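See structure below.
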Amino acid sequence: MKTDANVVHLNKATAEQSPTSPVGRLPVALIQVRDKAAQQLKQNLQSLFDNADDTLFEMADRATSNAEQNAFFEAMRDLRLKRKNIERGFLQKVFESFANLNQYEIGKPQPALDAVSFDSLSLVQNDELEETVALDAMVAKVMSRDAVALGHLTTRLNAVISKKLDDKSNPLGPTLLSEYFLDACSSLGVEIKVKLIILKLFEKYVLGSCDMLYAEANQVLVSAGVLPELKSAPPRRQQRPAASTYVQSSGEEGIPLLEGADQGVQEVFGALQDLLSQVRGTAMPRRAQATDALPITSNDLMRLLSHMQQRAPTQVNVEDFDLRDQLERLLERASAKSGKARVVGEVDEDVINLVSMLFEFILDDRTLPDSLKALIGRLQIPMLKVAVLDKTFFSRGSHPARRLLNEIASAALGWVDQDDAQRDSLYQKIEQVVQRLLNDFVDDPAIFSELLAEFMAFTGDERRRSELLEQRTRDAEEGSAKAELARRQVEQALNERLLGKTLPEVVVRLLQEAWSKVLMLTCLKHGVASDEWQAALQTMDDLVWSVAPHEDPEARLRLLELVPGLLKALREGMASAAFDPFSTSEFFSQLEVLHVQAFQRFKRAAPEAETAVAEDAAHTELSEAGVELPLLELPAAEEVEDAPAMIEVVEEIILLAPGQTRPQEPDVVLPDDDEALLQVDSLRVGSWVEIQEDEEHKLRCKLAAIIKPTGKYVFVNRTGMKVLEKTRNALAVEFRRNAVRLLDDALLFDRALESVIGNLRKLKHS
């Protein structure tokens, strides 16, 4: 077994004096400081990475474009793969910095500030500037909060090492810790936006615990007798997901009840209490109370709520359930049983009122399907218990309980009320979450983090499946749009050449049924600006000319020259479009008759010698082209069939896709500035709407794509399957008759809190 890592051989101790020595002749006290700090920093880094996935996934979920979403997903993958290397690199830097404490020079000297020119500053890229600003802000926050403890640590370090430090060069100072982390993350190939998010996580999970880091380091040095006369303030207590975190223990003398809470949290809850105090007794009248009524403790309130939670009925009408009334009755029974009047304390009463008002909004919210409101309504007691335990529930958007409620509401946005709700996987998952909270949640909020992770994993899988199907739907619609645009181009080309003309029926059918497919294929493959498209149009023009009556004698020679190439182009084009060979033969047989008749007319009008020369030339060209037609052995005039059937093209040609019916004009034509059209134009891809199909049925769907070439709006359900397609005008008509309602996809809890605060302010100023 190797022991070299733990044993320093005496004969090597004097030889290893390099600055990179892992020990660097440190005093025992500093080694203890280093090891304790490394252990805490390692734990904090693990917390950072454990929470990075959720944070980046949430950012990806709210991304406004596929590119932005992919950037967050790639960052998640990159961070997972390089997590160990980043941890190792960061801690290695910390160890090296301690090893160098007794060295007079660490690295290369830095240039003086006045030596840096403004020209060099102008070369700093915007990304580097944003990074520098973020680092400065992080360091400044730690210095403003923990400057005294850090200063005492720096002073104590200077007392036991030869090299003098300041707070910036302190190996545990925020400046060097941030630089070490940034250097360890240099291998991450992420955009600046993602890097700033990772730095924010570092600030939260690592720099946010610097007070504990400095307190423990100072305590180790004090125990070793290093400047014990320096007195530092006690560190902030860490918040833990248990009830004991939020109440004062009997052993913490001299520390106020809320001293451990973040100042911003207290300001938020204090502001809410101020609003509630203005309306207390009016908007929420309290029942008459005995003058000697005593407030119950928060722990007693938690027990009462747990009692209500365990006995909550499985099925409850959310409109009939009043939490405050139920709790008041329970208190009355408890008071009567004990013989002492008891009431809820003012702070807890404010929390109860806030949560009740929040759920009044939530259960009245039209974006939530009615079937799911009953499930979400059963979360009121667990959410109230969390709020009693932890006031950050109202101020911290990342609070697990708050996020769980928001995630459930977001997932339910596209859910449609149905008869077989119990068999729906989403309904079953939400019901499972609710039941788990009602059964297992007592006073440890950690269960919310666990359920949040499970629920996000479930919805993440569903979202990935729906996004895949949704992308396929978009691809199919874009392909259909290209085909539709090509169809319009072909229609335009046909109508320009045929509309208003009288032509043989076979030619009109050939162009409309067969050559239109050749034009479609050419347009899709090469575009209308290509030589291939122009050649296909020219073939169509040549065909129309070849069957038209001509009096000009020179037309006979042109016809003789034209027919071989024309027939070859027609045959090759129809073969490339995979047109039915049997129908092709029929068309060519009828074209043969048309061209025979044309040659007969020219033969009767022209000298025989000249005709023979022309026929020989045409025969040679036909043979060279590989076209065999009996056009040159012209039958007698009496053998030629009667004139072919002629038709006049009086209606525009409309080409229909397989299964497509003839389009109908919209019933209502709206002006460009119509309010309904403006509502349609305000829709963005990803918007959820509810469409009233008839008196009983509503359809919830998401706008998946706006196909600009065709003006179609394509909607999908929550699984990504296409359920609706509307033109801009048709959708505006639905808006005009109030059959379309835009669903608010903002975070449910945040909207509820904003509404409650707004209502309280109105009551305050009324």
Side-chain angles (χ1 to χ4, degrees), residues 472-499 503-547 562-595 621-631 644-645 647 649 651-663 707 709-710 712 722:
R472 290 176 180 171
T473 300
R474 276 195 294 268
D475 293 342
E477 290 300 320
E478 288 172 0
S480 298
K482 290 179 181 178
E484 179 65 23
L485 190 59
R487 192 174 293 111
R488 291 181 185 177
Q489 294 281 2
V490 174
E491 286 176 352
Q492 181 181 353
L494 290 172
N495 286 314
E496 286 176 353
R497 288 157 178 81
L498 303 182
L499 193 60
L503 296 169
E505 180 186 10
V506 62
V507 173
V508 175
R509 285 196 303 107
L510 186 150
L511 293 176
Q512 185 172 348
E513 297 174 12
W515 200 247
S516 64
K517 292 180 172 56
V518 178
L519 291 172
M520 276 279 295
L521 185 63
T522 305
C523 184
L524 288 171
K525 192 173 182 179
H526 302 288
V528 294
S530 64
D531 293 338
E532 289 83 356
W533 171 259
Q534 295 302 322
L537 293 182
Q538 186 60 51
T539 299
M540 181 164 57
D541 292 337
D542 290 344
L543 176 60
V544 172
W545 183 89
S546 72
V547 297
L562 179 67
V563 167
L566 171 63
L567 296 175
K568 182 181 179 183
L570 286 172
R571 189 178 296 278
E572 290 177 350
M574 293 165 74
S576 69
F579 191 71
D580 178 27
F582 180 77
S583 300
T584 300
S585 298
E586 285 191 344
F587 278 130
F588 273 84
S589 296
Q590 296 180 60
L591 278 181
E592 175 187 335
V593 174
L594 291 175
H595 288 144
E621 192 169 350
L622 281 167
S623 299
E624 291 176 353
V627 180
E628 297 181 1
L629 287 174
L631 291 178
I647 61 171
V649 183
E651 291 185 0
E652 286 191 356
I653 295 174
I654 297 178
L655 303 175
L656 300 178
Q660 184 181 7
T661 58
R662 197 174 184 87
I707 312 299
T710 58
K712 290 181 181 177
K722 177 182 173 182

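Positions are given from 1, in the same order as the sequence printed here. Quick caveat: nothing in here was measured; it's all calculated off a predicted structure.
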Inset, instruction - Kindly indicate whether the side chain of Leu503, heavy atoms from C-beta on, has any atom under 4.5 Å from the side chain of Ile647. - result: no
Inset, instruction - Please examine the side chains of Trp515 and Leu543, heavy atoms only from C-beta on, and report whether any two atoms are closer than 4.5 Å. - result: no
Legend entry - Interatomic spacing from OG in Ser576 to CD in Glu532 - rounded to 0.5 Å: 11.0 Å
Inset, instruction - Identify whether NZ of Lys or CZ of Arg in Arg509 sits under 6.0 Å from the centre of the six-membered ring of Phe587 and within 45° of that ring's axis. - result: no
Inset, instruction - Compare all side-chain heavy atoms of Leu537 with those of Leu519 and state whether any distance is below 4.5 angstrom. - result: yes
Legend entry - Val544 and Asp541, any side-chain heavy atoms less than 4.5 Å apart: no
Legend entry - Non-neighbouring partners of Asn495 that pass side-chain hydrogen bond (donor to acceptor under 3.5 Å, both in side chains), sequence neighbours left out: none
Legend entry - Set of residues satisfying side chain to side chain contact (heavy atoms under 4.5 Å, CB included) with respect to Gln492, sequence neighbours excluded: Gln489, Glu496
Inset, instruction - First locate atom OG1 of Thr710, then atom CZ of Arg487, and finally report the distance between them rounded to the nearest 0.5 Å. - result: 11.0 Å
Inset, instruction - Step by step, work out the side chain to side chain contact (heavy atoms under 4.5 Å, CB included) result for Leu655 and Leu494. - result: CA-CA 10 Å; Leu655 303 175; Leu494 290 172; 4.3 Å; yes
Legend entry - Glu484 with Lys712: basic N within carboxylate O range, under 4.0 Å: no
Legend entry - Pair Arg488 + Glu491: basic N to acidic O under 4.0 Å: no
